[in-house]
Amino acid sequence: MGDILALLFNTAVFGAALRMATPLIFAALGGIFSERSGVVNIALEGMMLMGAFTAMFVSHQTGMPWLGVLGAILAGLLVGLLHAVFCIHYRANQVVVGTAINIFAGGLTVFLLRYYFGAAGTSPSVATIPDITIPLISQIPWIGRIIGRQNPLVYLALIAVVVAHIVIYRTSWGLRLRAVGEHPRAADTVGVNVFRMRYLAVALSGALAGLGGTYLSIAHLSRFSEGMTAGRGFIALAAVIFGKWTPYGALGACLFFGYADALQMRLQDIGIPTQFMNMLPYVLTMVALAGFIGKSVGPKASGQPYIKG
Amino acid sequence: MDTVLEMRSITKQFPRVLANDQVDFDLRHGEIHALVGENGSGKSTLMNILYGLYQSDGGEIIVRGQKVDINEPRVAIDLKIGMVFQHFMLVEPLTVAENIVLGSELRKGPFLDTKRAIQEVEELSQKYGLRIDPKAKIADLSVGLQQRVEILKALYRGAEILILDEPTAVLTPQEVEDLFKVLRALRAQGTSIVFITHKIKEVLSLSDRVSVLRRGKKIGTKATSETNEQDLAEMMVGRVVLFNVEKKPAEPGEDVLYLDRLSVKDQFGQVKVKEVELGVRSGEVLGIAGVEGNGQSELVEAIAGLRKTAGGRVFLNGQDITDWSPLKIKEAGFGYVPEDRHRRGLVLDYSVADNLILGFHGKKPHVRGGVWRDDKAIEENAEKLIEEYDIRPPVASQPARSLSGGNQQKIVVGREFTQDPSLLICAQPTRGVDVGAIEFIHKQVIAQRDRGAAVLLVSAELDEILSLSDRIAVMYNGQIVSVMSREEVTEHKLGFLMLGGRLEDYRAGEVNGHAE
Ligand SMILES: Nc1ncnc2c1ncn2[C@@H]1O[C@H](COP(=O)(O)OP(=O)(O)O)[C@@H](O)[C@H]1O
Ligand SMILES: [Mg+2]
């Protein structure tokens with residue numbers, strides 16, 4: 001018993017949880033922006049994958065991982081725009097478009113990987129973003145061992161959560177974003193440009209998901225491998241719902257899912273199968289949707305294309 | 001008085017209808033101009049064009065002497081035109097203040113200046129006497145208050161021309177009074193108001209001038225003082241409208257419906273109907289008058305089997321039908337026009353034909369072999385009822401959603417009445433229905449009575465109760481406070497009883513001469 005408790009509160013497990021949560025946090029924030037504007041984004045998975053590949057590729061070509069980060073953001077943004085054009089301009093079914101993008105991204109990254117590196121499966125190892133130590137915080141006992149030394153992207157994710165919260169709840173842009181996702185016609189009648197808001201939000205969503213992918217290929221690992229996002233885009237989506245479409249809520253969900261992820265390897269040792277922990281995010285999302293922990297209701301206009309006039 | 005707005009020869013073609021056909025409209029400074037017409041006559045379309053939500057296919061708009069091109073709401077807002085929509089344009093999870101400033105936010109850098117927004121909303125609401133809590137969430141407000149927020153939204157943007165699209169459709173009589181006070185005060189302060197409605201009484205009590213639309217065409221504009229109810233109704237409908245249904249004296253028979261100390265609770269467990277004892281006889285219309293929310297809805301739903309009873313029994317033709325399933329009750333000879341036709345009377349996305357068999361869809365001749373739809377029979381049924389009940393447009397395959405309120409109601413009425421039920425309950429049968437259709441539905445109700453049906457009529461419209469009923473029951477606070485024959489009743493007496501007055505007191509007041 002004591003062993004299990006020690007395991008549950010192990011600082012190494014907490015540190016790993018934070019790392020596992022990082023790509024989820026970026027993607028979940030992306031999901032929040034998109035859904036808050038009224039566009040369902042199940043393409044997060046594909047956007048992350050494109051980000052992960054681009055980050056590796058740019059880092060490989062230039063040797064500068066930070067340029068890779070930039071490239072990944074751009075790649076995500078472009079995929080986001082693609083999603084936006086189909087969903088907003090052509091009013092295609094958003095779930096179908098998202099699914100198509102996921103399949104497309106899966107295929108394209110495999111193709112590019114083989115084309116450039118001739119290798120099936122994984123890319124060569126590339127330059128990564130090194131971990132940094134935060135001087136004072138790393139001195140604090142216990143806490144310091146969890147967050148004192150981490151990858152810069154981990155810190156960036158945490159900062160992004162705060163910034164996203166401020167943007168959504170404290171700025172006029174955020175007010176318009178929320179209005180557009182709830183009742184676009186109401187926003188339209190007071191002169192808010194619904195289409196522009198949605199384009200911006202979905203592009204931003206792609207950029208954030210791309211950034212999430214970055215962490216996988218040039219921080220957590222130092223290479224890209226086929227399908228390396230492994231469903232994290234969907235888990236991020238689950239975190240959005242579980243976190244009731246709020247940045248802090250999603251952060252909590254991501255940390256929890258990350259924790260479950262970090263724990264799973266160790267729990268395997270004491271006989272709890274990996275699959276059980278993998279299931280957790282989805283089960284919890286269903287629980288949240290079914291309203292067991294207070295109902296989780298998304299933006300009202302989410303998924304509905306806006307038609308003027 | 002100066003003209004602040006002129007719309008000239010406005011035309012708007014929708015894929016299937018010519019919604020506005022060369023309509024002229026003008027608005028003077030500081031007047032309330034009523035825009036009336038039956039549902040679907042093009043009132044909203046005309047005003048949506050003015051607000052920049054629709055683009056007209058022809059015509060021009062002149063605001064304060066300047067020809068303008070209003071291609072989006074922003075332009076209208078800048079021209080100080082404000083609009084309160086029939087379906088509110090409010091974002092429910094946001095606060096009152098957030099909704100009011102949306103699109104014209106007060107900022108400190110990129111940040112919302114929430115404090116100042118709240119302060120300005122407070123000042124505005126004081127200035128116009130529209131009390132509201134700026135920090136309240138829209139979702140927590142009553143419909144009347146939500147409408148207040150809509151008006152404040154327009155005023156916050158400096159509206160000098162205010163358009164209200166059927167603002168009274170969703171309000172209780174008391175809220176309507178409050179709204180009228182506000183509008184009169186705004187007029188006194190120089191706001192020019194366009195007031196859309198299809199209720200003639202409102203036009204007469206509020207407006208300075210009135211314009212009438214019919215099928216997209218402007219029929220005329222008159223000073224309100226130079227017109228009357230009959231005249232306006234004729235302009236709207238295009239023919240003489242009878243306000244009082246002609247009917248023979250009732251020839252009531254036995255009790256068809258009998259309620260034996262029936263009690264009903266609402267979904268929160270509150271007792272809404274308290275031991276009601278009431279009989280409705282064949283061949284009579286029994287009207288239940290009462291301010292809404294006094295248990296009428298629960299009473300009706302309990303009889304219809306849509307709500308469990310909490311005590312007492314319901315008898316239909318002597319048979320105890322208490323808590324039977326709705327379908328079984330229906331089959332026992334019950335016809336029902338529910339108060340909310342959208343939720344309980346129709347499936348809006350189904351065709352007119354399918355709606356015309358709802359509730360009877362499992363029975364012959366609509367089904368063959370117990371399983372298969374008989375499209376031909378369904379079609380025939382539809383054609384017959386469309387013809388008989390004058391449902392327009394006469395297209396069986398159209399979704400019910402695309403019909404006007406009056407015609408939707410005719411679907412429900414036709415479907416239920418054609419079964420010749422022995423008991424018929426009509427709850428708010430003409431709510432949101434235009435003048436021509438009201439007349440029609442009233443005639444049909446009387447025809448059912450004359451056929452020998454027992455009709456229970458529930459209505460918040462006193463006029464309707466008075467003109468159709470043979471006996472009138474007043475419901476107050478879950479109880480039937482009195483049942484009178486039509487002859488005993490005056491509008492004034494009903495009003496007194498509906499507000500909880502006691503008959504003894506009313507009589508005493510009459511004797512002493514201060515019943516008023
Ligand atoms: N967006 C639209 N597309 C197609 N037809 C419409 C649209 N809006 C209104 N109509 C049609 O135009 C006519 C006029 O409608 P409307 O202006 O809403 O009438 P009113 O406000 O007087 O009830 C109706 O026949 C209606 O079905
Ligand atoms: Mg209208």
Side-chain angles (χ1 to χ4, degrees), chain A residues 32-33 35-38 160 162-198 200-201 204 240-241 243-249 294-302 304 306-309, chain B residues 12 14 19 45 47-49 51-56 70-79 81-95 97-114 117 137-139 146 149-150 153-154 156-157 159 163 165:
Chain A
I32 289 173
F33 278 107
E35 299 242 340
R36 282 284 187 167
S37 82
V162 179
V163 173
H165 177 85
I166 292 174
V167 166
I168 292 173
Y169 292 104
R170 297 265 178 273
T171 69
S172 57
W173 192 83
L175 181 66
R176 290 173 180 206
L177 178 79
R178 285 180 285 154
V180 159
E182 276 293 329
H183 194 337
R185 191 165 299 272
D188 193 7
T189 57
V190 290
V192 173
N193 189 328
V194 177
F195 298 114
R196 197 173 62 200
M197 285 302 302
R198 289 191 170 176
L200 283 171
L204 177 60
V240 171
I241 298 165
K244 297 186 179 178
W245 288 266
T246 64
Y248 291 142
K295 195 131 185 80
S296 184
V297 184
K300 229 185 258 141
S302 191
Q304 297 162 13
Y306 183 61
I307 307 169
K308 240 180 131 75
Chain B
K12 175 73 187 176
F14 283 119
T45 302
M47 289 302 128
N48 281 336
I49 288 172
Y51 196 68
L53 280 174
Y54 294 162
Q55 309 307 306
S56 68
I70 306 177
N71 53 13
E72 56 169 8
R74 189 85 250 166
V75 181
I77 294 168
D78 291 343
L79 287 167
I81 298 172
M83 183 149 172
V84 174
F85 295 87
Q86 192 171 351
H87 306 285
F88 297 151
M89 294 296 169
L90 295 171
V91 186
E92 293 213 331
L94 301 186
T95 66
E98 284 171 329
N99 266 282
I100 290 176
V101 301
L102 179 66
S104 317
E105 299 87 356
L106 298 165
R107 287 194 254 183
K108 264 194 261 172
F111 299 107
L112 283 171
D113 193 342
T114 311
K137 282 228 165 61
I138 296 294
Q146 291 187 3
V149 178
E150 283 281 47
K153 246 168 87 180
Y156 175 79
R157 290 164 175 75
I163 307 159
D165 194 350

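Proteins get letters first, then strands, A, B, ... in listed order; numbering begins at 1 in each. The figures here come from the full heavy-atom set of this structure, side chains too, leaving out hydrogens, waters and symmetry mates.
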Checking [X] against chain A: side chain, backbone, both or neither under 4.5 Å from a heavy atom?
{"X": "B:Val101", "answer": "side chain"}
{"X": "B:Gln55", "answer": "neither"}
{"X": "B:Tyr51", "answer": "side chain"}
{"X": "B:Lys153", "answer": "side chain"}
{"X": "B:Leu90", "answer": "backbone"}

Could you check which of [options] has the highest count of heavy-atom pairs closer than 4.5 Å to chain A?
{"options": "B:Arg157, B:Glu92, B:Met89", "result": "B:Met89"}
{"options": "B:Ile77, B:Val91, B:Asp113, B:Leu102", "result": "B:Leu102"}
{"options": "B:Arg74, B:Met83, B:His87, B:Glu105", "result": "B:Glu105"}

Practice problem: First locate atom CD of A:Glu35, then atom OG of A:Ser302, and finally report the distance between them rounded to the nearest 0.5 Å. | Solution: 4.0 Å

Exercise. Go through the steps to decide whether B:Phe85 and A:Arg185 satisfy the test side chain to side chain contact (heavy atoms under 4.5 Å, CB included), and finish with yes or no.
Key: CA-CA 11 Å; B:Phe85 295 87; A:Arg185 191 165 299 272; over 6 Å; no

Quiz item: When the ring planes of A:His165 and A:Tyr248 are compared, do they come out parallel, tilted or perpendicular, using 30° and 60° as the limits?
Solution: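 Because their plane-to-plane angle is under 30°, the rings of A:His165 and A:Tyr248 count as parallel.
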
Self-check item: With sequence neighbours excluded, residues passing side-chain hydrogen bond (donor to acceptor under 3.5 Å, both in side chains) with A:Arg178
Solution: none

Self-check item: side chain to side chain contact (heavy atoms under 4.5 Å, CB included) between B:Val84 and B:Asp165, intermediate numbers included
Solution: CA-CA 6 Å; B:Val84 174; B:Asp165 194 350; over 6 Å; no

Self-check item: Derivation and outcome, side chain to side chain contact (heavy atoms under 4.5 Å, CB included), residues B:Leu94 and B:Ile138
Solution: CA-CA 6 Å; B:Leu94 301 186; B:Ile138 296 294; 5.5 Å; no

Exercise. Check step by step if side chain to side chain contact (heavy atoms under 4.5 Å, CB included) holds for A:Tyr169 and B:Leu112.
Key: CA-CA 9 Å; A:Tyr169 292 104; B:Leu112 283 171; over 6 Å; no

Quiz item: Quick one: of A:Leu175, A:Asn193, A:Val192, who has the most non-hydrogen atom pairs under 4.5 Å with chain B?
Solution: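 Greatest number of close heavy-atom pairs with chain B: A:Leu175.
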
